[in-house]
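I have placed the structure first, in the form of structure tokens, so that the comments after it can refer back to it.
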Amino acid sequence: MVVILIFQLCGLQTYAEPGAPFGSTLALLWCIGNCIVYAGVLAYCFIERRWLFADARTGTGINVIPFIKSSITVVTHLVVLVEAILARGIYRALDVRVTSVDGTLGELAGRKAGPLFAKARAQFRNKLLLFGAFCCAIELGILVLVYRNPAHRVIWCLTVPSLVTIRMKHLHHAYHIDRLTARFGVLREQMESLAIGQAISPGQLELTGDKVPPKLTSLDRWKMNAGPRPAIIDPWTLRNPAGPKHLRQIFATKSTYLTLWHAAKDLNGCCVYSQLANLLQNFIQCTCDLYSLYSLLYLNQLGDIFGFILSIVATFTALGIVLAACENCKNQVGQLGLLLYKRRGDETDLLAKMIESFSLLLQHTPIYFSLGGFFDMDFMLLKEIAAAITTYMVIFIQFMPKEEPGTDTTAGTLLSNMSLTNTTLSLKPE
């Protein structure tokens with residue numbers, strides 16, 4: 001309940017529980033109101049840009065780096081809110097699809113499924129609260145360390161809600177992935193119990209007592225006297241007392257896996273634009289912060305560098321949480337596939353054949369997380385972002401205006417102009 005409420009306050013979830021239409025309406029209206037407010041904030045930043053982003057070094061024009069970073073942050077916030085409104089039905093269908101397998105998992109795992117789901121919810125709630133406190137502490141620290149000018153404090157007040165919402169969007173994505181991971185974990189435990197179970201072979205089949213078998217023929221006698229050779233199972237004359245239970249379990253496991261696989265596919269499609277905008281904002285913000293950090297280090301102004309370091313740490317922490325959730329979910333499915341090789345059955349083991357079929361299903365329908373096919377959500381994405389930021393930093397440093405630390409450029413310019421004037425006005429004796 002706390003997690004859903006936080007996401008609703010951020011405007012990331014525009015609906016409530018299935019039996020609360022009034023709460024869903026309030027969440028939708030809150031998100032629409034946030035869109036209107038931050039559209040006004042973006043317009044205000046463009047109108048008052050000469051005051052908010054005035055270049056203190058030259059006294060004329062605007063400082064481009066804070067202007068770009070602030071405007072792209074507010075634009076990304078608007079993209080996240082608009083997609084939350086447009087993808088409202090898809091997110092609802094995703095929740096219904098994920099929770100629809102809980103009954104099947106409860107039948108498969110018995111009383112173990114409920115505590116496992118509760119543990120997963122508690123872990124994510126603690127992670128969300130810790131990250132929220134960490135993010136708020138960082139932003140307050142940046143306010144104290146960096147933004148001392150009144151205009152800078154206005155910029156902080158305008159952009160910090162957008163930064164918090166953008167980072168919470170990563171947590172919102174990780175929330176849905178962790179729900180899938182918890183259910184894949186239950187499936188993995190059930191497949192492990194099936195894989196180490198006893199073999200089911202036609203030699204163990206017994207006659208049924210509730211149905212009268214038809215008259216035996218030569219083919220039927222050959223089936224019954226086949227011995228250890230592979231035999232064709234006749235449902236009229238034979239049955240397996242342990243087989244139907246295990247076969248129902250394997251069929252339920254396969255159907256549950258396919259349902260969760262389609263849920264992961266829906267998740268990949270409903271957050272494409274917001275997450276792409278988030279990645280673009282993270283890239284631009286980190287590049288601008290690193291450029292400002294290098295400039296301060298070059299000028300020996302070490303008092304403000306900690307604010308930029310904290311901003312970079314908070315951004316990469318949020319991105320790392322969602323990428324770690326994706327890796328954890330894929331690892332769960334990978335372990336599910338490895339457990340299937342524990343089954344050592346012969347040609348007559350029917351359960352081994354079903355598990356082999358399920359193994360082929362896992363190979364042909366793996367779990368993956370991507371953003372519309374542009375990027376794969378794994379730790380390699382973090383490496384690619386860091387490499388791209390480094391490349392652009394090398395280019396920006398080459399074009400950065402070089403100034404000697406501790407020198408006053410205004411005074412130097414004035415002295416050069418005075419010397420030029422004296423040289424021009426000097427008279428030559430005849």
Side-chain angles (χ1 to χ4, degrees), residues 1-21 23-28 30-31 79-106 113 116-118 120-121 123-125 127-128 165 168-187 254-278 321-330 332-333 365-378:
M1 185 63 183
V2 176
V3 175
I4 300 299
L5 182 60
I6 292 175
F7 289 146
Q8 288 174 349
L9 291 176
C10 293
L12 302 175
Q13 185 162 327
T14 57
Y15 59 91
E17 298 296 330
S24 299
T25 305
L26 286 180
L28 179 60
W30 174 258
C31 186
V79 172
V80 170
L81 294 177
V82 169
E83 189 181 69
I85 296 173
L86 297 179
R88 184 175 184 240
I90 301 177
Y91 276 112
R92 267 188 165 177
L94 174 65
D95 286 343
V96 171
R97 176 166 283 177
V98 171
T99 55
S100 65
V101 302
D102 291 347
T104 304
L105 292 175
L116 288 176
F117 293 158
R121 288 193 297 268
Q123 288 178 351
F124 184 82
R125 183 182 65 247
K127 179 167 59 176
L128 180 63
T165 303
M168 282 297 174
K169 178 59 184 177
H170 289 310
L171 272 294
H172 184 248
H173 196 180
Y175 166 70
H176 292 287
I177 296 174
D178 284 349
R179 295 175 67 195
L180 295 174
T181 304
R183 285 151 179 84
F184 280 125
V186 176
L187 281 182
K254 290 175 67 174
S255 64
T256 303
Y257 174 79
L258 288 176
T259 302
L260 295 177
W261 183 84
H262 284 289
K265 188 176 179 181
D266 293 340
L267 181 61
N268 290 334
C270 65
C271 60
V272 174
Y273 299 105
S274 61
Q275 287 294 69
L276 285 177
N278 275 3
I321 288 175
V322 65
L323 296 181
C326 296
E327 289 285 349
N328 189 20
C329 186
K330 291 193 292 186
Q332 286 286 346
V333 179
T365 56
I367 288 293
Y368 66 95
F369 299 97
S370 67
L371 300 178
F374 293 99
F375 301 102
D376 291 331
M377 299 291 289
D378 51 18

- Item | For Ser274 against Cys271, the heavy-atom pair lying closest together | OG-O, 3.4 Å

- Value for NE2 (His176) from CG (Asp266), rounded to nearest 0.5 Å, stands at 11.5 Å

- Side-chain (Thr256) to main-chain (Val101) donor-acceptor, under 3.5 angstrom: no

- Item | Between NE2 on residue His170 and CE on residue Met377, distance to nearest 0.5 Å | 7.5 Å

- dist Lys169:NZ -> His173:NE2 (nearest 0.5 Å) comes out at 7.5 Å

- Item | Nearest heavy-atom neighbours spanning Cys329 and Ile177 | CB-CG2, 3.9 Å

- Message: Using every non-hydrogen atom in the two residues, find where Thr165 and Cys10 come nearest and quote the distance to one decimal.
- Response: CG2-O, 3.5 Å

- Query: Given the rule in the side chain to side chain contact (heavy atoms under 4.5 Å, CB included) test, do Asp378 and Cys326 qualify, once you have shown the distances and angles that lead to the verdict?
  - Reply: CA-CA 6 Å; Asp378 51 18; Cys326 296; 5.8 Å; no

- Tyr368 and Asn268: which non-hydrogen atoms are nearest, and at how many Å? O-ND2, 3.0 Å

- Item | Backbone N/O of Pro366 and side chain of Trp261: donor-acceptor pair under 3.5 Å | yes

- Passing option when Arg97 is tested against Leu260, Thr259, Leu267 for side chain to side chain contact (heavy atoms under 4.5 Å, CB included): Thr259

- Query: Between Tyr91 and Tyr15, which heavy-atom pair has the shortest distance, and what is it?
  - Reply: O-OH, 3.4 Å

- Query: Hey, does the side chain of Arg183 reach the backbone of Arg179 with a donor-acceptor pair shorter than 3.5 angstrom?
  - Reply: yes

- Item | Reported OG1-to-CZ distance for the pair Thr14 and Phe7, which is rounded to 0.5 angstrom | 13.5 Å

- CD1-CE distance between Ile6 and Met168, expressed to the nearest 0.5 angstrom: 6.0 Å

- Task: Looking only at non-hydrogen atoms, find the nearest pair between Leu94 and Ala263 and report the distance.
- Result: CD1-O, 3.2 Å

- Task: For atom NZ of Lys127, decide whether the heavy atoms of other residues, nucleotides or ligands shown that lie under 6.0 angstrom number more than 12.
- Result: yes

- Between CG on residue Asp376 and CG on residue Leu371, distance to nearest 0.5 Å: 8.5 Å

- 4.5 Å side-chain heavy-atom contact, Val322 and His172: no

- Task: Check step by step if side chain to side chain contact (heavy atoms under 4.5 Å, CB included) holds for Tyr175 and Leu128.
- Result: CA-CA 9 Å; Tyr175 166 70; Leu128 180 63; over 6 Å; no

